[in-house]
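Written out below as structure tokens is the structure these notes cover.
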Number of protein chains: 2
Amino acid sequence: MTASDGLHPATEDIRLPTVLAALADPARLATVQTLAQVGESACTQLQEAAGLSISRSTFSHHQKVLREAGIISVRIHGTQRLLSLRRTDLDACCPGLLDAVTSARADSPQPV
Amino acid sequence: MTASDGLHPATEDIRLPTVLAALADPARLATVQTLAQVGESACTQLQEAAGLSISRSTFSHHQKVLREAGIISVRIHGTQRLLSLRRTDLDACCPGLLDAVTSARADSPQPV
DNA sequence: CGCATTGTTCGATGGTCGTCGAACAGTACG
DNA sequence: CGTACTGTTCGACGACCATCGAACAATGCG
């Protein structure tokens, strides 16, 4: 049993419906897809890279949803939070899901 | 361009966020997972097999959401509608997604 | 210390969603 | 024709969600 730090759920606590719900929002999906390309990055840079024109508070909310779903992990570095994907943990819950979602074409580029 | 029949979206109109949103609901996820196991089946039988204790109208709603997302197709046979997965169409939009979701353990069996 | 930068938290608001029962529609069977 | 079965549609209701600005906290820099 992997202990939880209050921020990230333990690997065995990751639930598929919760993960899918987190990925269902276009802004969060773009965040995850971008994160898969650029790797670990801070909130503002990631939001910029994903092309999300939303307020900081809204992005912070999305980041929290992704984190609580077990999709991303947060590492503090100075004033900024570095976000990264929890690949292995996600694969433990649902093998192939992350690859399927991140390798999917960004489709008809929908402005978010 | 595959023509749409008004009930099912064309293959190229299937959108990943819509698919994920459809799969995010526990009742719909259970429906899809069950459908992957038992194959084509009618609404009432499928609802029974999935162990969903919800009203017929609610299941009809879920079936509509899955259908409009492009996840399932409906075939009329007498008084009943036979539901089945649109495997190839889904794989065209997002290869591996359906397998990842249907092969995932039903996890901690959550009563729905 | 003072200021800028980076994110979070806190209401508030408007919209969407899941659920239900009741009413309706279509088909099959006597 | 009448009854039964299967499923859809229609409000309605309560809950949840995405979004925002404002206020706050924490760190780094001069």
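Bear in mind the structure is a predicted one, so any value in this text is a computation, not a measurement. So you know, we letter chains A, B, ... as the sequences are listed, proteins then strands, and number each from 1.
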Margin query: Nearest whole Å is fine: how far is C/dT5 C1' from A/His77 NE2?
Written below: 15 Å
Margin query: Measure CG/A/Asp25 against P/C/dT16 and give the value in whole Å, please.
Written below: 14 Å
Check: In this structure, are over 12 heavy atoms from other groups packed under 6.0 Å from B/Gln45 atom CD?
Finding: yes
Note to self: Tell me the interatomic distance from B/Ile54, atom CD1, to D/dT8, atom P, rounded to whole angstroms.
What the structure shows: 12 Å
Next item on the list: Using whole Å, report how far CZ of B/Phe59 lies from C1' of D/dT6.
Entry: 12 Å
Next item on the list: Could you tell me whether A/Thr44 contacts a base, only the sugar-phosphate backbone, or nothing, with contacts defined as non-hydrogen atoms closer than 4.0 Å?
Entry: sugar-phosphate
Note to self: With a 3.5 Å cut-off and heavy atoms only, can you find an N or O donor on one side and an acceptor on the other between the side chain of A/Ser57 and the base of D/dG21?
What the structure shows: yes
Margin query: Rounded to whole Å, how long is the line connecting atom CZ of B/Arg56 with atom P of D/dC5?
Written below: 11 Å
Item checked: A/Arg67 vs A/Thr79, nearer the 5' end of DNA chain C by closest nucleotide -> A/Thr79
Notebook entry, point to check: What does B/His62 touch in the nucleic acid at a heavy-atom separation under 4.0 angstrom: a base, only the sugar-phosphate, or nothing?
Noted result: sugar-phosphate
Check: For the atom pair CD (B/Glu12) and SG (B/Cys93), what is the distance rounded to the nearest 0.5 Å?
Finding: 11.0 Å
Next item on the list: Round to a whole Å and report the spacing from CG of B/Leu46 to P of D/dT6.
Entry: 14 Å
